[in-house]
Asker: 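Once you've had a glance at the structure underneath, I'll fire off some questions.
Values reported hereafter were calculated over all heavy atoms of this structure, with side chains retained and with hydrogens, waters and symmetry mates removed. Because the structure is predicted, anything quoted here is derived from the model rather than measured.
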Amino acid sequence: MFAAGRETGHSGGCPGAQCSQAEGDGGLKHLYLIGGPMGMGKTAACRELQRRLGRSVFLDGDWCWDADPFQVTEETKAMVVENICFLLNNFLRCSAYDHVIFCWVLHQQAVLDNLLSRLDTRNCRVRAVSLTASPEALASRIERDIQAGKRDQGALERSLAYLPLYAGLDTEILDVSRLTPGETAERLEAMA
């Protein structure tokens, strides 16, 4: 559904939020939804994609959940999704941007569907891509992050458990096992 990069006609989200006309692509904006397990390199690749595209804005879903103490409750989950959708809808209707880039774990179709049901994607080309890797490549990346103090010991187990879930999603799959963030961004740009 989303993987084909089709223009959608959905107008969910904030009242009055409309996707502004992009200048360089026949009036279409581009919304990139980039998912993948922790440690896959989503943030680094999306930052590079933002740099390459120009007229773009980037939101990492984790930034909407950067709290101390970190708590996963029904209330906090609902708040995070609301905040993400509010920001994405504002980015989509802002004429300064042609490309809106969003990354998050996005490991369940229901999460993708919920986000899209709240976004005004009229006149937008939606690109949903899951970044994956071999279990060995993912483990290597996570272990480097653990050694650098960026992740806790449980991150490896959680990421490996999520990895097979991406095969069942309605997204394009991009194996980044042997790709740098720059190469990943180049592939993402070519998919648009």
Asker: Between Asn114 and Arg118, do the side chains contain an N or O donor and an N or O acceptor separated by less than 3.5 Å?
Answerer: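 There is such a pair between these side chains.
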Asker: I need the full list of ring pair (Phe, Tyr, Trp, His ring centres under 6.0 Å) pairs touching residues 144-192, with sequence neighbours left out, sorted by first then second residue.
Answerer: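 Checked against ring pair (Phe, Tyr, Trp, His ring centres under 6.0 Å) - neighbours excluded - the pairs reaching residues 144-192 are His107-Tyr162.
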Asker: Taking Arg127's backbone N and O only, do any of them form a donor-acceptor pair with Glu172's side chain (distance below 3.5 Å, no angle check)?
Answerer: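 Pair absent, no side-chain N/O of Glu172 close to backbone of Arg127.
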Asker: Drop me the distance from Gln50's CD to Tyr32's OH, to the nearest 0.5 angstrom.
Answerer: 12.0 Å
Asker: May I ask you to check whether Thr43 and Arg47 show a side-chain donor-acceptor distance below 3.5 Å?
Answerer: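 Per modelled atom types, Thr43 and Arg47 side chains form no pair under 3.5 Å.
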Asker: With sequence neighbours left out, what residues match Arg151 under side-chain hydrogen bond (donor to acceptor under 3.5 Å, both in side chains)?
Answerer: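 Expected list: Asp145.
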Asker: Taking side-chain hydrogen bond (donor to acceptor under 3.5 Å, both in side chains) as the test, write out the residues that go with Asn83, two or more places apart.
Answerer: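 Testing Asn83 for side-chain hydrogen bond (donor to acceptor under 3.5 Å, both in side chains), a comparison that skips the adjacent residues, returns none.
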Asker: Between Asp120 and Arg122 (side chain of the first, backbone of the second, donor and acceptor by atom type, cut-off under 3.5 Å), is there such a pair?
Answerer: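 Yes.
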Asker: More than 12 heavy atoms of other residues, nucleotides or ligands under 6.0 Å from CZ of Arg187: yes or no?
Answerer: no
Asker: Taking the side chain from Thr171 and the backbone from Ala128, do they hold a donor-acceptor pair closer than 3.5 Å?
Answerer: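 No; judged by distance alone, with no hydrogens or angles, the pair does not exist.
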Asker: For the pair Phe58 and Trp63, name the ring-plane relationship: parallel under 30°, tilted 30 to 60°, perpendicular over 60°.
Answerer: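 Perpendicular, since the angle between the ring planes exceeds 60°.
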Asker: Any donor-acceptor pair under 3.5 Å linking the side chain of Arg55 with the backbone of Ser95?
Answerer: yes
Asker: With sequence neighbours left out, write down each residue that passes side chain to side chain contact (heavy atoms under 4.5 Å, CB included) with Ser177, or none if nothing qualifies.
Answerer: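 Partners of Ser177 by the side chain to side chain contact (heavy atoms under 4.5 Å, CB included) criterion, ordered by chain and then number, come out as Ala133, Ser134, Ala137, Asp175.
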Asker: Between Trp104 and Asp60, do the side chains contain an N or O donor and an N or O acceptor separated by less than 3.5 Å?
Answerer: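 Not at all, the side chains of Trp104 and Asp60 share no donor-acceptor pair under 3.5 Å.
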Asker: Could you tell me which residues satisfy side-chain hydrogen bond (donor to acceptor under 3.5 Å, both in side chains) with Gln108, sequence neighbours excluded, listed by chain and number?
Answerer: none
Asker: For Lys77, give me all partners under side-chain hydrogen bond (donor to acceptor under 3.5 Å, both in side chains), at least two apart in sequence or on another chain.
Answerer: Glu74
